[in-house]
Chemist: 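Before I ask anything, here is the structure I am working with.
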Amino acid sequence: QQQVKQSPQSLIVQKGGISIINCAYENTAFDYFPWYQQFPGKGPALLIAIRPDVSEKKEGRFTISFNKSAKQFSLHIMDSQPGDSATYFCAALAGRRALTFGSGTRLQVQP
Amino acid sequence: GAVVSQHPSWVICKSGTSVKIECRSLDFQATTMFWYRQFPKQSLMLMATSNEGSKATYEQGVEKDKFLINHASLTLSTLTVTSAHPEDSSFYICSAREGTSHEKLFFGSGTQLSVL
């Protein structure tokens, strides 16, 4: 059972553009929604996270938008740079359980 | 910030041998550690959850006798892949959580296992 659905699978964006990745979840017990960035051969690194009582959170060029009623959240990367080219995973967490990851989005930012 | 050290970063072994992967929390006490497996171009799949001093809880479909997890201290967990076979070749990642805080959850850098 895939509890967190992520789209698109891959994304190509021009340098300076906005990258948008979407996720939807099913389990209403989730209470923490982080986004991770992963480079090849490396572990995932936390980018930004949000709790369901907040509709938006911004940290630098990264913004999470959260829609509790629709059970959806998205990551926006403003002014995308070639160095942002990586795989991005949304995730969700409930209580003391382990993270449930989305399927991942491979982002390529073209110079 | 908190750091989780995972070692080795890559390992090549012959089929039928065992391989041990270590995961250490360097500046915090990891009450809970998680082990994930990631195949190429796929997401992270949880293998097991371990609490210090307790037996690990394995996810459905993960053979506990094949993937031995030990969490003997608050700073160290190990994953031993016993009698490894080529299909066990994968990227293994640990994560560690301090207490029960969602924000204090950190990942290791991963171990690429190749079984010949």
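Letters A, B, ... mirror the listed sequences (proteins, then strands); counts begin at 1. Just so we're clear, the structure is a prediction, and the values are computed from it rather than from any experiment. Keep in mind that the numbers below use all heavy atoms, side chains included, and drop hydrogens, waters and symmetry copies.
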Chemist: When rounded to the nearest 0.5 angstrom, what distance separates CG in B:Leu46 from OG1 in A:Thr100?
Modeler: 8.0 Å
Chemist: Does any N or O in the side chain of B:Arg97 come within less than 3.5 Å of the main-chain N or O of A:Ala98, such that one atom is a donor and the other an acceptor?
Modeler: no
Chemist: If we define contacts as heavy-atom pairs under 4.5 Å, which of B:Gln112, B:Gln42, B:Lys41, B:Glu103 has the most with chain A?
Modeler: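 Among B:Gln112, B:Gln42, B:Lys41, B:Glu103, the one with the most close pairs to chain A is B:Glu103.
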Chemist: Using the rule that Ile, Leu, Val, Met, Phe, Trp and Tyr join whenever any side-chain heavy atoms are under 4.5 Å apart, tell me whether B:Val19 and B:Leu68 fall into a single cluster.
Modeler: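 No, it is not one cluster - the side chains of B:Val19 and B:Leu68 are not joined through contacts under 4.5 Å.
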Chemist: For A:Tyr32 versus B:His102, what's the shortest heavy-atom pair and its separation?
Modeler: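 The answer is CB-CD2, 3.3 Å.
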Chemist: Considering non-hydrogen atoms only, spot the tightest contact between B:Tyr36 and A:Leu99 and give its length.
Modeler: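 Result for this residue pair: OH-N, 3.4 Å.
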Chemist: Please report the shortest heavy-atom distance between A:Gly102 and B:Ser43, naming the atom on each side.
Modeler: O-OG, 2.6 Å
Chemist: Are there more than 12 heavy atoms of other residues, nucleotides or ligands under 6.0 Å from atom CD of B:Glu87?
Modeler: yes
Chemist: So if you build clusters from Ile, Leu, Val, Met, Phe, Trp, Tyr with side-chain heavy-atom gaps below 4.5 Å, do B:Val81 and B:Met45 land together?
Modeler: no
Chemist: If you group Ile, Leu, Val, Met, Phe, Trp and Tyr by side-chain heavy-atom gaps below 4.5 Å, do A:Leu93 and A:Leu46 land in one group?
Modeler: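 As far as the 4.5 Å side-chain criterion goes, A:Leu46 and A:Leu93 are connected within one cluster.
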Chemist: State yes or no: do B:Phe107 and B:Ile21 share one hydrophobic cluster built from I, L, V, M, F, W and Y residues joined by side-chain heavy-atom distances below 4.5 Å, directly or via other members?
Modeler: no
Chemist: So which atom in B:Gln38 and which in A:Phe89 form the shortest heavy-atom distance, rounded to 0.1 Å?
Modeler: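 Nearest pair, atom of B:Gln38 first, then A:Phe89: NE2-CZ, 3.5 Å.
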Chemist: Side chain, backbone, both or neither: which part of A:Gln38 has an atom under 4.5 Å from a heavy atom of chain B?
Modeler: side chain
Chemist: Could you grab the distance from atom CZ of A:Arg97 to atom OG1 of B:Thr32, nearest 0.5 Å is fine?
Modeler: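 So the CZ of A:Arg97 and the OG1 of B:Thr32 are separated by 12.5 Å.
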Chemist: Just to be sure I understand the criterion: a residue of residues 47-78 of chain A counts if one of its heavy atoms is under 4.5 Å from a heavy atom of chain B. Which ones qualify?
Modeler: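 Only A:Arg51 of residues 47-78 of chain A have a heavy atom under 4.5 Å from chain B.
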Chemist: Checking heavy atoms, do the side chain of B:Ile93, its backbone, both or neither come under 4.5 Å from chain A?
Modeler: side chain
Chemist: Is the count of non-hydrogen atoms from other residues, nucleotides or ligands lying under 6.0 Å from B:Lys20 atom NZ greater than 12?
Modeler: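 No, NZ of B:Lys20 has 12 or fewer neighbouring heavy atoms, counting only those of other groups under 6.0 Å.
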Chemist: Taking every heavy-atom pair that is under 4.5 Å apart, which of B:Thr31, B:Leu44, B:Thr100 has the most such pairs with chain A?
Modeler: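 Option with the top pair count is B:Leu44.
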Chemist: Same cluster or not: B:Phe34 versus B:Ile69, using hydrophobic residues (I, L, V, M, F, W, Y) connected whenever any side-chain heavy atoms lie under 4.5 Å apart?
Modeler: no
